[in-house]
Participant: 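Pasting a structure below so you can have a look.
Worth knowing before you read on, the calculation uses all heavy atoms, side chains too, and leaves out hydrogens, waters and symmetry mates. As the structure lists them, so they are numbered: ligands from 1, and atoms in each ligand from 1.
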Amino acid sequence: MTKKALITGVTGQDGSYLADLLLDKGYEVHGVIRRASISNIGRLAHLSAALDAEEPRLHLHYGDLTDGSRLIALLQQIQPDEVYHLAAQSDVRLSFDQPEFTGDVTGMGTTRILEAIRLIKLDCRFYQASSSEMFGSAPPPQKESTPLWPRSPYGAAKTYAYWVARNYREAHSMFVANGILFNHESPRRGKAFVTRKITHAVAQIKAGYDRKLYMGNLDSVRDWGYAKEYVEAMWLMLQADEPSDYVIATGTAYTVKDFVEQAFGHAGLDWQKYVRFNDRYLRPTEVDSLIGDASKAAVELGWKPKTLMPELVSLMVEADLKTVLAQLSE
Ligand code: NAP
Ligand code: G4F
(Lines give C-alpha, C1' and ligand atoms only; values in the text may rest on other atoms or scores of the structure.)
(Ligands and ions follow the chains in the order given, each with its own letter.)
Protein backbone atom coordinates (compact mmCIF):
# COMPACT_ATOMS: atom_id res chain seq x y z
CA MET A 1 0.00 0.00 0.00
CA THR A 2 1.34 3.44 -0.96
CA LYS A 3 1.81 5.59 2.13
CA LYS A 4 0.27 9.06 2.15
CA ALA A 5 1.96 12.06 3.76
CA LEU A 6 0.61 15.55 4.36
CA ILE A 7 3.17 18.37 4.64
CA THR A 8 2.19 21.80 5.96
CA GLY A 9 4.77 24.39 4.87
CA VAL A 10 5.58 22.39 1.72
CA THR A 11 6.61 25.60 -0.08
CA GLY A 12 9.31 26.37 2.52
CA GLN A 13 12.94 25.28 2.64
CA ASP A 14 12.31 22.11 4.67
CA GLY A 15 8.97 21.30 3.05
CA SER A 16 10.53 21.20 -0.40
CA TYR A 17 13.39 18.89 0.70
CA LEU A 18 10.94 16.67 2.58
CA ALA A 19 8.70 16.42 -0.50
CA ASP A 20 11.77 15.31 -2.50
CA LEU A 21 12.63 12.68 0.12
CA LEU A 22 9.11 11.26 0.47
CA LEU A 23 8.53 11.12 -3.30
CA ASP A 24 11.86 9.23 -3.63
CA LYS A 25 10.57 6.78 -1.02
CA GLY A 26 7.41 6.14 -3.04
CA TYR A 27 4.94 8.16 -0.92
CA GLU A 28 1.91 9.98 -2.26
CA VAL A 29 2.64 13.51 -1.06
CA HIS A 30 0.06 16.18 -0.25
CA GLY A 31 1.12 19.73 0.57
CA VAL A 32 -0.77 22.68 2.01
CA ILE A 33 -0.09 25.98 0.26
CA ARG A 34 -1.33 29.50 0.88
CA ARG A 35 -3.03 31.59 -1.72
CA ALA A 36 -0.63 34.35 -2.79
CA SER A 37 -0.92 37.08 -5.40
CA ILE A 38 2.16 35.71 -7.17
CA SER A 39 3.45 32.16 -7.28
CA ASN A 40 4.90 30.85 -4.00
CA ILE A 41 5.75 27.36 -5.27
CA GLY A 42 9.20 28.19 -6.70
CA ARG A 43 10.94 25.69 -4.40
CA LEU A 44 8.74 22.93 -5.89
CA ALA A 45 9.41 23.88 -9.54
CA HIS A 46 11.66 20.84 -10.08
CA LEU A 47 8.76 18.57 -9.04
CA SER A 48 6.40 19.64 -11.83
CA ALA A 49 6.48 16.12 -13.35
CA ALA A 50 5.11 14.62 -10.10
CA LEU A 51 2.50 17.38 -9.93
CA ASP A 52 1.26 17.36 -13.52
CA ALA A 53 1.43 13.61 -14.23
CA GLU A 54 -1.67 11.71 -15.37
CA GLU A 55 -1.64 10.04 -11.95
CA PRO A 56 0.01 12.75 -9.83
CA ARG A 57 2.09 11.74 -6.81
CA LEU A 58 2.31 15.30 -5.52
CA HIS A 59 -0.91 17.16 -4.73
CA LEU A 60 -1.15 20.78 -3.54
CA HIS A 61 -4.16 22.04 -1.58
CA TYR A 62 -4.97 25.58 -0.51
CA GLY A 63 -5.18 26.06 3.25
CA ASP A 64 -3.94 28.19 6.12
CA LEU A 65 -2.97 27.44 9.72
CA THR A 66 -5.42 30.10 10.91
CA ASP A 67 -8.34 28.27 9.22
CA GLY A 68 -9.23 25.31 11.44
CA SER A 69 -12.28 24.10 9.49
CA ARG A 70 -10.20 23.89 6.31
CA LEU A 71 -7.60 21.77 8.17
CA ILE A 72 -10.36 19.39 9.28
CA ALA A 73 -11.70 19.13 5.71
CA LEU A 74 -8.24 18.47 4.24
CA LEU A 75 -7.36 15.78 6.78
CA GLN A 76 -10.75 14.14 6.29
CA GLN A 77 -10.35 14.17 2.50
CA ILE A 78 -6.68 13.06 2.31
CA GLN A 79 -6.56 10.56 5.23
CA PRO A 80 -2.74 10.79 5.53
CA ASP A 81 -0.68 8.12 7.32
CA GLU A 82 1.90 10.73 8.33
CA VAL A 83 1.52 14.47 8.94
CA TYR A 84 4.64 16.66 8.89
CA HIS A 85 3.67 19.98 10.42
CA LEU A 86 6.33 22.41 9.20
CA ALA A 87 4.34 25.57 8.47
CA ALA A 88 5.05 28.56 10.71
CA GLN A 89 5.84 32.25 10.82
CA SER A 90 9.50 31.28 11.19
CA ASP A 91 11.30 34.64 11.22
CA VAL A 92 12.58 35.38 14.75
CA ARG A 93 13.26 39.11 14.17
CA LEU A 94 9.81 39.63 12.64
CA SER A 95 8.14 37.91 15.59
CA PHE A 96 9.01 40.94 17.76
CA ASP A 97 7.00 43.16 15.36
CA GLN A 98 4.13 40.67 14.92
CA PRO A 99 3.95 38.75 18.22
CA GLU A 100 0.19 38.16 18.12
CA PHE A 101 0.23 36.86 14.54
CA THR A 102 3.26 34.67 15.32
CA GLY A 103 1.49 33.22 18.35
CA ASP A 104 -1.61 32.50 16.28
CA VAL A 105 0.20 30.81 13.37
CA THR A 106 3.28 29.25 15.00
CA GLY A 107 1.68 28.37 18.34
CA MET A 108 -2.08 27.93 17.86
CA GLY A 109 -1.59 26.50 14.36
CA THR A 110 -0.22 23.33 15.98
CA THR A 111 -3.22 23.06 18.31
CA ARG A 112 -5.61 23.51 15.39
CA ILE A 113 -4.12 20.70 13.37
CA LEU A 114 -3.74 18.32 16.33
CA GLU A 115 -7.32 19.00 17.42
CA ALA A 116 -8.50 18.42 13.84
CA ILE A 117 -6.78 15.00 13.86
CA ARG A 118 -8.34 14.16 17.23
CA LEU A 119 -11.85 15.30 16.26
CA ILE A 120 -12.00 13.20 13.10
CA LYS A 121 -10.29 10.27 14.89
CA LEU A 122 -7.60 10.06 12.21
CA ASP A 123 -5.05 7.33 12.84
CA CYS A 124 -1.80 9.01 11.75
CA ARG A 125 1.69 9.85 12.94
CA PHE A 126 2.46 13.52 13.58
CA TYR A 127 5.74 15.46 13.36
CA GLN A 128 5.98 18.85 15.09
CA ALA A 129 8.71 21.22 13.81
CA SER A 130 10.10 22.33 17.15
CA SER A 131 13.11 24.60 17.35
CA SER A 132 16.37 25.17 19.20
CA GLU A 133 15.07 28.75 19.65
CA MET A 134 13.06 27.26 22.55
CA PHE A 135 16.33 26.86 24.49
CA GLY A 136 17.03 30.59 24.16
CA SER A 137 19.24 31.57 27.07
CA ALA A 138 19.80 28.05 28.43
CA PRO A 139 23.58 27.50 28.28
CA PRO A 140 24.96 25.10 25.65
CA PRO A 141 25.29 22.27 24.86
CA GLN A 142 21.49 21.90 24.71
CA LYS A 143 19.78 18.51 24.60
CA GLU A 144 16.27 17.09 25.11
CA SER A 145 16.39 17.52 28.91
CA THR A 146 17.69 21.12 28.84
CA PRO A 147 15.15 23.55 30.38
CA LEU A 148 13.44 25.82 27.85
CA TRP A 149 14.06 29.59 28.11
CA PRO A 150 12.75 31.24 24.94
CA ARG A 151 13.89 34.76 24.09
CA SER A 152 11.43 35.86 21.40
CA PRO A 153 7.70 35.67 20.62
CA TYR A 154 8.69 33.06 18.02
CA GLY A 155 10.58 31.01 20.62
CA ALA A 156 7.66 31.33 23.04
CA ALA A 157 5.15 30.24 20.36
CA LYS A 158 7.30 27.21 19.47
CA THR A 159 7.57 26.35 23.17
CA TYR A 160 3.78 26.42 23.50
CA ALA A 161 3.45 24.22 20.38
CA TYR A 162 6.07 21.80 21.71
CA TRP A 163 4.14 21.32 24.98
CA VAL A 164 0.80 21.05 23.21
CA ALA A 165 2.30 18.34 20.98
CA ARG A 166 3.57 16.47 24.04
CA ASN A 167 0.20 16.83 25.71
CA TYR A 168 -1.66 15.28 22.74
CA ARG A 169 0.80 12.37 22.93
CA GLU A 170 0.21 11.90 26.66
CA ALA A 171 -3.49 12.78 26.92
CA HIS A 172 -4.80 11.18 23.72
CA SER A 173 -2.17 8.47 23.09
CA MET A 174 -1.37 9.95 19.68
CA PHE A 175 1.91 9.20 17.86
CA VAL A 176 3.44 12.68 18.11
CA ALA A 177 7.17 13.44 17.77
CA ASN A 178 8.89 16.76 18.38
CA GLY A 179 11.98 17.33 16.24
CA ILE A 180 14.01 20.00 18.05
CA LEU A 181 16.07 21.14 15.10
CA PHE A 182 19.03 23.49 15.35
CA ASN A 183 19.64 25.95 12.50
CA HIS A 184 19.77 24.22 9.14
CA GLU A 185 20.48 25.91 5.88
CA SER A 186 20.78 25.27 2.15
CA PRO A 187 20.64 27.03 -1.22
CA ARG A 188 16.84 26.94 -0.74
CA ARG A 189 17.00 28.97 2.50
CA GLY A 190 15.00 32.22 2.51
CA LYS A 191 17.15 35.31 1.89
CA ALA A 192 16.06 36.99 5.15
CA PHE A 193 17.94 34.38 7.23
CA VAL A 194 21.53 35.25 7.96
CA THR A 195 23.36 32.48 6.06
CA ARG A 196 21.55 32.91 2.76
CA LYS A 197 21.59 36.70 3.13
CA ILE A 198 25.39 36.46 3.30
CA THR A 199 25.92 33.94 0.48
CA HIS A 200 23.51 35.80 -1.82
CA ALA A 201 25.35 39.09 -1.17
CA VAL A 202 28.75 37.44 -1.77
CA ALA A 203 27.56 36.17 -5.17
CA GLN A 204 26.21 39.60 -6.14
CA ILE A 205 29.42 41.35 -5.13
CA LYS A 206 31.49 38.75 -6.98
CA ALA A 207 29.34 39.28 -10.08
CA GLY A 208 30.22 42.97 -10.03
CA TYR A 209 27.24 44.57 -8.34
CA ASP A 210 28.57 47.46 -6.27
CA ARG A 211 26.93 46.93 -2.92
CA LYS A 212 27.44 46.73 0.82
CA LEU A 213 26.06 44.05 3.13
CA TYR A 214 24.31 45.50 6.21
CA MET A 215 24.19 43.18 9.21
CA GLY A 216 23.32 43.04 12.91
CA ASN A 217 25.00 41.02 15.68
CA LEU A 218 28.03 39.16 14.34
CA ASP A 219 28.89 37.56 17.71
CA SER A 220 26.03 35.11 18.16
CA VAL A 221 26.97 31.45 17.98
CA ARG A 222 24.97 28.95 15.93
CA ASP A 223 25.17 25.23 15.14
CA TRP A 224 24.54 25.17 11.38
CA GLY A 225 23.67 21.95 9.53
CA TYR A 226 22.41 21.04 6.06
CA ALA A 227 18.60 21.07 5.61
CA LYS A 228 18.62 18.17 3.15
CA GLU A 229 20.01 15.89 5.88
CA TYR A 230 17.71 17.26 8.60
CA VAL A 231 14.51 16.24 6.78
CA GLU A 232 15.78 12.61 6.86
CA ALA A 233 15.68 12.89 10.67
CA MET A 234 12.03 14.03 10.51
CA TRP A 235 11.13 10.92 8.53
CA LEU A 236 13.12 8.64 10.87
CA MET A 237 11.23 10.04 13.88
CA LEU A 238 7.92 8.92 12.38
CA GLN A 239 9.26 5.41 11.60
CA ALA A 240 10.34 4.77 15.23
CA ASP A 241 8.55 2.14 17.35
CA GLU A 242 7.56 4.76 19.94
CA PRO A 243 7.04 8.52 19.60
CA SER A 244 9.58 10.75 21.33
CA ASP A 245 11.39 14.09 21.11
CA TYR A 246 14.81 14.47 19.49
CA VAL A 247 17.45 17.18 19.17
CA ILE A 248 18.91 17.34 15.66
CA ALA A 249 22.19 19.25 15.39
CA THR A 250 25.83 18.95 14.35
CA GLY A 251 27.35 19.78 17.75
CA THR A 252 29.70 22.31 16.08
CA ALA A 253 29.75 26.02 16.89
CA TYR A 254 30.56 29.06 14.77
CA THR A 255 29.83 32.78 15.10
CA VAL A 256 27.97 34.76 12.46
CA LYS A 257 31.30 36.50 11.85
CA ASP A 258 32.93 33.11 11.10
CA PHE A 259 30.23 32.48 8.50
CA VAL A 260 30.80 35.92 6.94
CA GLU A 261 34.58 35.40 6.78
CA GLN A 262 34.30 31.95 5.24
CA ALA A 263 31.67 32.94 2.68
CA PHE A 264 33.58 36.01 1.45
CA GLY A 265 36.85 34.05 1.63
CA HIS A 266 35.40 31.27 -0.54
CA ALA A 267 34.82 33.84 -3.28
CA GLY A 268 38.28 35.42 -2.78
CA LEU A 269 36.84 38.60 -1.22
CA ASP A 270 37.86 40.57 1.90
CA TRP A 271 34.64 40.82 3.96
CA GLN A 272 35.76 43.95 5.81
CA LYS A 273 35.49 45.97 2.62
CA TYR A 274 31.80 45.16 2.20
CA VAL A 275 30.15 44.39 5.55
CA ARG A 276 28.59 47.25 7.54
CA PHE A 277 26.56 47.37 10.76
CA ASN A 278 22.89 48.38 10.87
CA ASP A 279 20.98 48.28 14.14
CA ARG A 280 17.70 47.44 12.36
CA TYR A 281 18.92 43.81 12.30
CA LEU A 282 19.38 43.64 16.09
CA ARG A 283 16.75 41.90 18.24
CA PRO A 284 15.39 43.26 21.55
CA THR A 285 16.57 40.01 23.14
CA GLU A 286 19.16 37.81 21.43
CA VAL A 287 19.89 34.10 21.66
CA ASP A 288 23.64 34.16 22.19
CA SER A 289 24.68 30.56 21.77
CA LEU A 290 22.99 27.44 20.38
CA ILE A 291 25.07 24.24 20.19
CA GLY A 292 23.15 20.97 20.10
CA ASP A 293 23.85 17.52 21.49
CA ALA A 294 22.14 15.07 19.11
CA SER A 295 23.40 11.87 20.73
CA LYS A 296 19.86 10.58 21.43
CA ALA A 297 19.04 10.76 17.70
CA ALA A 298 22.32 9.00 16.87
CA VAL A 299 21.62 6.13 19.27
CA GLU A 300 17.85 5.68 18.75
CA LEU A 301 17.38 6.74 15.12
CA GLY A 302 20.85 6.13 13.66
CA TRP A 303 20.88 9.76 12.43
CA LYS A 304 24.16 11.65 12.17
CA PRO A 305 25.05 14.88 10.31
CA LYS A 306 27.41 14.57 7.34
CA THR A 307 27.79 18.16 6.10
CA LEU A 308 29.46 20.58 8.53
CA MET A 309 29.63 24.36 8.36
CA PRO A 310 32.70 24.87 6.08
CA GLU A 311 31.26 22.55 3.40
CA LEU A 312 27.80 24.08 3.86
CA VAL A 313 29.20 27.59 3.27
CA SER A 314 30.95 26.42 0.09
CA LEU A 315 27.90 24.72 -1.37
CA MET A 316 25.66 27.73 -0.62
CA VAL A 317 28.10 30.28 -2.09
CA GLU A 318 28.61 28.08 -5.18
CA ALA A 319 24.83 27.76 -5.70
CA ASP A 320 24.30 31.53 -5.43
CA LEU A 321 27.24 32.22 -7.75
CA LYS A 322 25.80 29.83 -10.33
CA THR A 323 22.40 31.56 -10.18
CA VAL A 324 23.72 35.11 -10.41
CA LEU A 325 26.14 34.25 -13.24
CA ALA A 326 23.33 32.53 -15.17
CA GLN A 327 21.18 35.68 -14.74
CA LEU A 328 24.03 37.86 -16.04
CA SER A 329 24.43 35.76 -19.17
CA GLU A 330 20.69 35.90 -20.02
P1 NAP B 1 10.29 28.52 5.94
O2 NAP B 1 11.20 28.33 4.78
O3 NAP B 1 10.10 29.88 6.51
O4 NAP B 1 8.86 27.92 5.53
C5 NAP B 1 7.72 28.18 6.29
C6 NAP B 1 6.53 27.56 5.59
O7 NAP B 1 5.33 27.82 6.35
C8 NAP B 1 6.26 28.11 4.18
O9 NAP B 1 5.83 27.07 3.34
C10 NAP B 1 5.12 29.10 4.43
O11 NAP B 1 4.32 29.35 3.29
C12 NAP B 1 4.34 28.32 5.48
N13 NAP B 1 3.40 29.16 6.23
C14 NAP B 1 3.68 30.28 6.93
N15 NAP B 1 2.56 30.77 7.50
C16 NAP B 1 1.55 29.94 7.14
C17 NAP B 1 0.14 29.92 7.39
N18 NAP B 1 -0.45 30.87 8.12
N19 NAP B 1 -0.59 28.90 6.86
C20 NAP B 1 0.00 27.95 6.10
N21 NAP B 1 1.32 27.92 5.81
C22 NAP B 1 2.07 28.91 6.32
O23 NAP B 1 10.74 27.58 7.16
P24 NAP B 1 11.75 26.33 7.18
O25 NAP B 1 13.13 26.83 7.38
O26 NAP B 1 11.42 25.44 6.05
O27 NAP B 1 11.32 25.65 8.56
C28 NAP B 1 10.27 24.69 8.60
C29 NAP B 1 9.74 24.63 10.03
O30 NAP B 1 10.79 24.26 10.92
C31 NAP B 1 9.19 25.93 10.56
O32 NAP B 1 8.12 25.61 11.44
C33 NAP B 1 10.34 26.53 11.35
O34 NAP B 1 9.85 27.40 12.34
C35 NAP B 1 10.96 25.28 11.92
N36 NAP B 1 12.38 25.32 12.20
C37 NAP B 1 13.26 25.74 11.25
C38 NAP B 1 14.63 25.71 11.50
C39 NAP B 1 15.64 26.14 10.47
O40 NAP B 1 16.81 26.36 10.86
N41 NAP B 1 15.28 26.20 9.20
C42 NAP B 1 15.09 25.24 12.75
C43 NAP B 1 14.16 24.79 13.70
C44 NAP B 1 12.80 24.82 13.41
P45 NAP B 1 4.72 30.50 2.21
O46 NAP B 1 5.74 29.87 1.30
O47 NAP B 1 3.42 30.77 1.54
O48 NAP B 1 5.28 31.66 2.98
O1 G4F C 1 19.51 33.33 10.47
P2 G4F C 1 18.77 33.87 11.62
O3 G4F C 1 17.70 34.87 11.34
O4 G4F C 1 18.24 32.62 12.41
P5 G4F C 1 17.71 32.39 13.90
O6 G4F C 1 17.24 33.63 14.53
O7 G4F C 1 18.76 31.61 14.60
O8 G4F C 1 16.41 31.49 13.63
C9 G4F C 1 16.43 30.42 12.68
O10 G4F C 1 16.83 29.24 13.34
C11 G4F C 1 15.90 28.80 14.36
C12 G4F C 1 16.51 27.54 14.99
O13 G4F C 1 17.40 27.92 16.01
C14 G4F C 1 14.57 28.53 13.71
F15 G4F C 1 13.70 28.03 14.63
C16 G4F C 1 14.04 29.82 13.09
O17 G4F C 1 12.81 29.55 12.43
C18 G4F C 1 15.05 30.30 12.06
O19 G4F C 1 15.09 29.36 11.00
O20 G4F C 1 19.80 34.57 12.64
C21 G4F C 1 20.92 33.90 13.14
C22 G4F C 1 21.76 34.88 13.94
C23 G4F C 1 20.99 35.68 14.99
O24 G4F C 1 21.75 35.71 16.18
C25 G4F C 1 20.90 37.08 14.41
O26 G4F C 1 20.84 38.12 15.38
O27 G4F C 1 22.30 35.86 13.04
C28 G4F C 1 22.20 37.13 13.63
N29 G4F C 1 22.22 38.16 12.58
C30 G4F C 1 23.17 39.12 12.44
N31 G4F C 1 22.89 39.91 11.39
C32 G4F C 1 21.32 38.32 11.60
C33 G4F C 1 21.74 39.41 10.84
N34 G4F C 1 20.20 37.61 11.29
C35 G4F C 1 19.50 38.01 10.19
N36 G4F C 1 18.39 37.30 9.85
N37 G4F C 1 19.87 39.10 9.43
C38 G4F C 1 20.99 39.84 9.72
O39 G4F C 1 21.31 40.80 9.03
Participant: Any nitrogen or oxygen of Leu181 lying under 3.5 Å from a nitrogen or oxygen in ligand 1? Just yes or no.
Facilitator: no
Participant: Heavy-atom contact check, 4.0 Å cutoff: does Ser130 meet ligand 1?
Facilitator: yes
Participant: Would Tyr230 count as a contact residue for ligand 1, given that I'm defining contact as a non-hydrogen atom of the residue lying under 4.0 Å from a ligand atom?
Facilitator: no
Participant: Taking only non-hydrogen atoms of Leu86, do any sit less than 4.0 angstrom from ligand 1?
Facilitator: yes
Participant: Should Asn183 be listed as contacting ligand 1, given a heavy-atom distance under 4.0 Å as the test?
Facilitator: yes
Participant: With only distance considered, is Glu185 within less than 3.5 Å of ligand 1 through an N or O on each side?
Facilitator: no
Participant: May I ask you to decide if the ring planes of His30 and His59 are parallel, tilted or perpendicular, using 30° and 60° as cut-offs?
Facilitator: parallel
Participant: Considering distance alone, does some N or O of Asp64 sit under 3.5 Å from an N or O of ligand 1?
Facilitator: yes
Participant: Please say whether Gly12 places an N or O atom under 3.5 Å from an N or O atom belonging to ligand 1.
Facilitator: yes
Participant: Nearest protein heavy atom to atom 27 (O) of ligand 2, by residue and atom, and its distance?
Facilitator: Val256 CG2, 3.4 Å
Participant: Measure the distances from the heavy atoms of Lys158 to every atom of ligand 1 and state whether one is below 4.0 angstrom.
Facilitator: yes
Participant: May I ask you to check whether Trp235 and Tyr127 place their ring centers less than 6.0 Å from one another?
Facilitator: no
Participant: Geometry only, no angles: is Ser90 polar-contacting ligand 1 at N/O separations under 3.5 Å?
Facilitator: yes
Participant: Under 3.5 Å between any N/O of Gly63 and any N/O of ligand 1: does that happen in this structure?
Facilitator: no
Participant: Where is the nearest protein heavy atom to atom 27 (O) of ligand 1: which residue, which atom, and how far?
Facilitator: Asp14 OD2, 3.7 Å
Participant: To check your reading of the model: name the closest protein heavy atom to atom 30 (O) of ligand 1, its residue, and the distance in Å.
Facilitator: Ala129 CB, 3.5 Å
Participant: Do any N/O atoms on Thr11 end up under 3.5 angstrom from N/O atoms on ligand 1?
Facilitator: yes
